[in-house]
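Report on the structure given below.
Residue numbers begin at 1 in each chain, while the letters A, B, ... track the order of the sequences. As the structure is a computational prediction, the values presented were derived from the model and not from experiment.
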Amino acid sequence: MKNLFADIIVANTNVDRPFTYLIPMNLRDKVTPGCPVLIEFGKLTKKGYIIDIKEESDVDISKLKYIKDIENGELSTDENLLRLAIWIKHRYGVTFDKAISTVMPVKSNVEEKTTNEIFLNQDIGEDILKELTKKRKVAWVRLLKELKKTESLPQSYVNKELKVNSATIKRMAEEGYITVGNKQRKSNPLLPILKSLGVEDFNEIQATNEYILNEEQKLAVDIFKKDFDSGNKNTYLLHGITGSGKTLVFINMIKYVISKGLQAIVLIPEISLTYQTVLRMAEHFKDRVAIINSKLSKNERFYQFDRIKNGDADVIIGPRSAIFAPVKRLGLIVIDEEHDSAYKNENVPTFNVRDVAGKLANIAGASLLLASATPTPETYNRAVTGEIKLLELKERARNTTLPKVSVVDMRDELKMGNRSIFSNKLKTLIEDRLRKHEQVMLFMNRRGYSSFVSCRSCGEAIKCKHCDVTMTLHNNNKLVCHYCGYSIDLPKVCPSCGSRYIANFGTGTQKLEAMTREVFPNAKVLRMDTDSVSKKNSANDMIRDFARGDADILIGTQMIVKGHDFDNVTLVGIMAADTSLYVSNYNSAQRTFELLTQAAGRAGRAKSGEAVIQTYKPENYAIVAAAAQDYKKYFENEIAYRKLGGYPPVCHMLTVMISSIREEELNKCATAIVNTLKSDNIFKKSVIIGPTDPSVVKVKDYYRKLVYIKNANYDILLDIQKKIEESLVSYRNVGAVYDFN
DNA sequence: CGGAGATTATGG
DNA sequence: CATAATCTCCGC
Ligand SMILES: [Zn+2]
Ligand SMILES: [Zn+2]
């Protein structure tokens, strides 16, 4: 028989190229591309991934070794995902190894939970039972009777429910009636889903009666169906105003895809994977839904992936990483809240899942739907140029109107002598809602800046020894650094001046809560932020409490405006609307527009509502457009800005973060790199900015510098990356990470 | 990455 | 000349 060869990427090495191995006879029908295997690499046994199987090899056959074995306990990646990995490798300039491990996030089936299981040994007849009853061994009979029904029972159940103690069980085993064995108990993979919904069965989930599509929604679904039937696997932007019922549209598209025997992946930002969202999906797809989120344990996660692999789920719902779910018959990918920053992978490879999903859809022959009320200019631009199809929803689904939004210039308030964080307008409106027993949401436009500790005498905030960051106070009276994890006990005296007057400055939301209670002493106030929801599932509880009307005012960060609708909320106050504008990032206006639109959109889901935006920058286009709820206006301004600055989507941008333990070496290296790039003819057309300091210079004792390179041609950026890697070889202590946009 | 052999430093 | 520290190449 002819030899079979496999090209293999060796894991955990720096050798970023495939090696050829022979496939032994006994593994021939077991290995596939994407399969994890064990190989002898040099002198060591290493794990590797097959990326290709072929009948020819250009490598001298005498050099070749055989694959040792298949790596068990790791799911094999299917061919689509493998192709995706190879694309990721080239697109983001990472190693094969990195790319493959990115697409297979389920590392292994961690040790199966084994519990004691009790088995029936022999067929127990009525006579034996009678005899035992005579001996008054009631517990024995009780257990045996149960076992006759089910073959085997877990010991915990026997102990607790049947009240048969371990001693009895031991005796029964000795006498040969039963055996105590180890059963690999596979817990019901649907359990975590049911648990998060607080039901025991999918049939308990009541259907809400919003299944009927309105005209606009129907049109969108019909366009999709028509394309789908004619074999056009398109990319769509579903652009609908807040409350227009985008979810119902894609649910119907998914149903159609399922009816054709295919599966769908729905990506939802982790923060919006809330009770309401999950319930909604479970309501439509019942036990055919698989849900992945960060709360799942390793095992639960594995089971979800296992179900998907076996085709036991039609719809896979999860955050960014769910794009790599091992779906066999992919028909549709939905990315809900397409604009969300959580879709960007912060680690290398720094992909945006939009792009990865686009490629995967292309590989698998599936459609892609991007849904948002505030699409990124990148995506909307693709719709404008006709590259992707635009589906629009311009009306609110429940016959309500968009909230009335007003902007308050806080500088004017200050001039009028109002130093409170509430503008007069917002204050009167809150009072009005409290009187009418309607609810209010106060949205603090800030990342949940955790509380830090600073000195009242010298003003110094306590910083991490290893990073340029202030440490944050945790409830166990420890100061922790969010960048490196370094933690110390809360010091009694100021480390820089020795003063004993050091104090904890609360978070933005805590302060807002205190002020709110002061200004509205009779209102019931609920605060929701990372601090207050650290306890498991308490976010759900809070949401339910608020929805039930247990509080009048809900205060919080992004968390409160994503993934929940409250019918009785008729007023939203947006505090410090412009803080997200001050981030030095070409995205900051987009982020601001998106957050304000989303927050304002929470008002008046059922009744007519109102929103007040408090800002010091009322003239900024993001704020103006958000107040007018005019996406087009926003987009025109944004795209003009991007053109002017040469930012995406007009240009591609490579951000290089160069880092080193040694500051001088870093500086030398960074300037040298910039100089070589600038002098190189091929790169001359690129705009090169830097080296500049990032907002946090030192992290984990490493100093960092940033270099930005802009070019309309993506491939040139990849060449530049290669060039930088080459120059970096001569600097032993300097490394770089690359972020492509 | 990490093993192995080659190369260079160090010291008496 | 021995021994250790450092470099350099290479793996199917
Ligand atoms: Zn730190
Ligand atoms: Zn001090």
Side-chain angles (χ1 to χ4, degrees), chain A residues 1-74 76-77 79 82-83 85-86 88-90 92-105 107-108 345 347-350 656-662 664-666 668-669 672 700-702 718 721-738:
Chain A
M1 212 180 176
K2 272 179 85 180
N3 277 319
L4 258 193
F5 305 92
D7 278 346
I8 291 171
I9 296 302
V10 189
N12 305 316
T13 52
N14 248 0
V15 216
D16 189 32
R17 87 190 147 87
F19 287 82
T20 310
Y21 281 78
L22 285 158
I23 304 174
M25 276 303 174
N26 62 321
L27 295 179
R28 282 203 174 184
D29 47 354
K30 287 184 191 153
V31 292
T32 49
C35 179
V37 288
L38 292 172
I39 44 164
E40 198 181 285
F41 184 67
K43 294 256 155 164
L44 302 155
T45 300
K46 291 237 168 200
K47 189 176 71 185
Y49 299 98
I50 298 180
I51 58 162
D52 195 15
I53 293 178
K54 52 194 190 179
E55 291 178 2
E56 310 264 313
S57 161
D58 358 307
V59 189
D60 181 7
I61 196 148
S62 61
K63 278 185 171 180
L64 297 185
K65 292 175 182 170
Y66 279 96
I67 293 172
K68 280 179 117 177
D69 203 353
I70 289 177
E71 164 78 284
N72 294 312
E74 193 165 304
S76 166
T77 308
E79 293 214 46
L82 185 68
R83 285 176 64 189
I86 291 166
I88 286 176
K89 180 220 160 30
H90 291 118
Y92 301 101
V94 293
T95 61
F96 271 114
D97 188 21
K98 189 104 209 162
I100 293 173
S101 51
T102 324
V103 304
M104 42 177 314
K107 288 297 172 261
S108 65
N345 195 19
N347 303 318
V348 182
T350 54
V656 191
M657 168 94 72
I658 309 167
S659 66
S660 172
I661 297 203
R662 307 214 193 125
E664 332 78 60
E665 205 170 335
L666 170 71
K668 222 199 279 169
C669 174
K700 295 187 195 177
D701 294 321
Y702 278 81
L718 284 168
Q721 182 199 22
K722 275 195 200 117
K723 183 82 185 173
I724 295 175
E725 281 292 295
E726 277 168 30
S727 1
L728 233 44
V729 176
S730 50
Y731 295 87
R732 291 186 120 261
N733 301 303
V734 185
V737 285
Y738 306 88

Between [X] ([atom1]) and [N] ([atom2]), how many Å, whole number?
| X | N | atom1 | atom2 | answer |
| --- | --- | --- | --- | --- |
| A:D97 | C:dG11 | CG | P | 19 Å |
| A:I9 | C:dG11 | CD1 | C1' | 13 Å |
| A:Y66 | C:dG11 | OH | C1' | 19 Å |
| A:K46 | C:dC12 | NZ | P | 13 Å |
| A:I67 | C:dC12 | CD1 | P | 13 Å |
| A:E40 | B:dG3 | CD | P | 13 Å |
| A:D16 | B:dC1 | CG | P | 13 Å |
| A:F96 | B:dC1 | CZ | P | 19 Å |

- Message: Stacking between C:dG11 and A:F19, yes or no? Criterion: centroid separation under 5.5 angstrom, plane angle under 30 degrees.
- Response: no

- Query: Do the non-hydrogen side-chain atoms of A:P24 and A:I67 ever get within less than 4.5 Å of each other?
  - Reply: yes

Give [X] one of three labels, base, sugar-phosphate or nothing, depending on what nucleic acid heavy atoms sit under 4.0 Å from its own.
| X | value |
| --- | --- |
| A:I8 | nothing |
| A:N12 | sugar-phosphate |
| A:F41 | base |

- Nearest of C:dC12, B:dC1, C:dC7 to any side-chain atom of A:N14? B:dC1

- Message: Can you tell me which nucleotide in C:dC7, B:dG3, C:dG11 comes closest to the side chain of A:R732?
- Response: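 The answer is C:dC7.
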
- Message: Does a side-chain N or O of A:K43 approach OP1 or OP2 of B:dG3 to a distance below 4.0 Å, or not?
- Response: no

- Task: Determine, using ring centers only, whether A:Y21 and A:Y66 are less than 6.0 Å apart.
- Result: no

- Task: For A:K46 and A:T13, test the side chains for any donor-to-acceptor distance below 3.5 angstrom and give the result as yes or no.
- Result: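 The answer is no; no qualifying pair exists.
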
- Task: Examine the side chains of A:E725 and A:Y738 and answer whether a donor and an acceptor come within less than 3.5 Å of each other.
- Result: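 There is such a pair (donor and acceptor under 3.5 Å, judged by atom type) between the side chains of A:E725 and A:Y738.
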
- Item | Interatomic distance, A:D69 atom CG to A:L27 atom CG [nearest 0.5 angstrom] | 6.0 Å

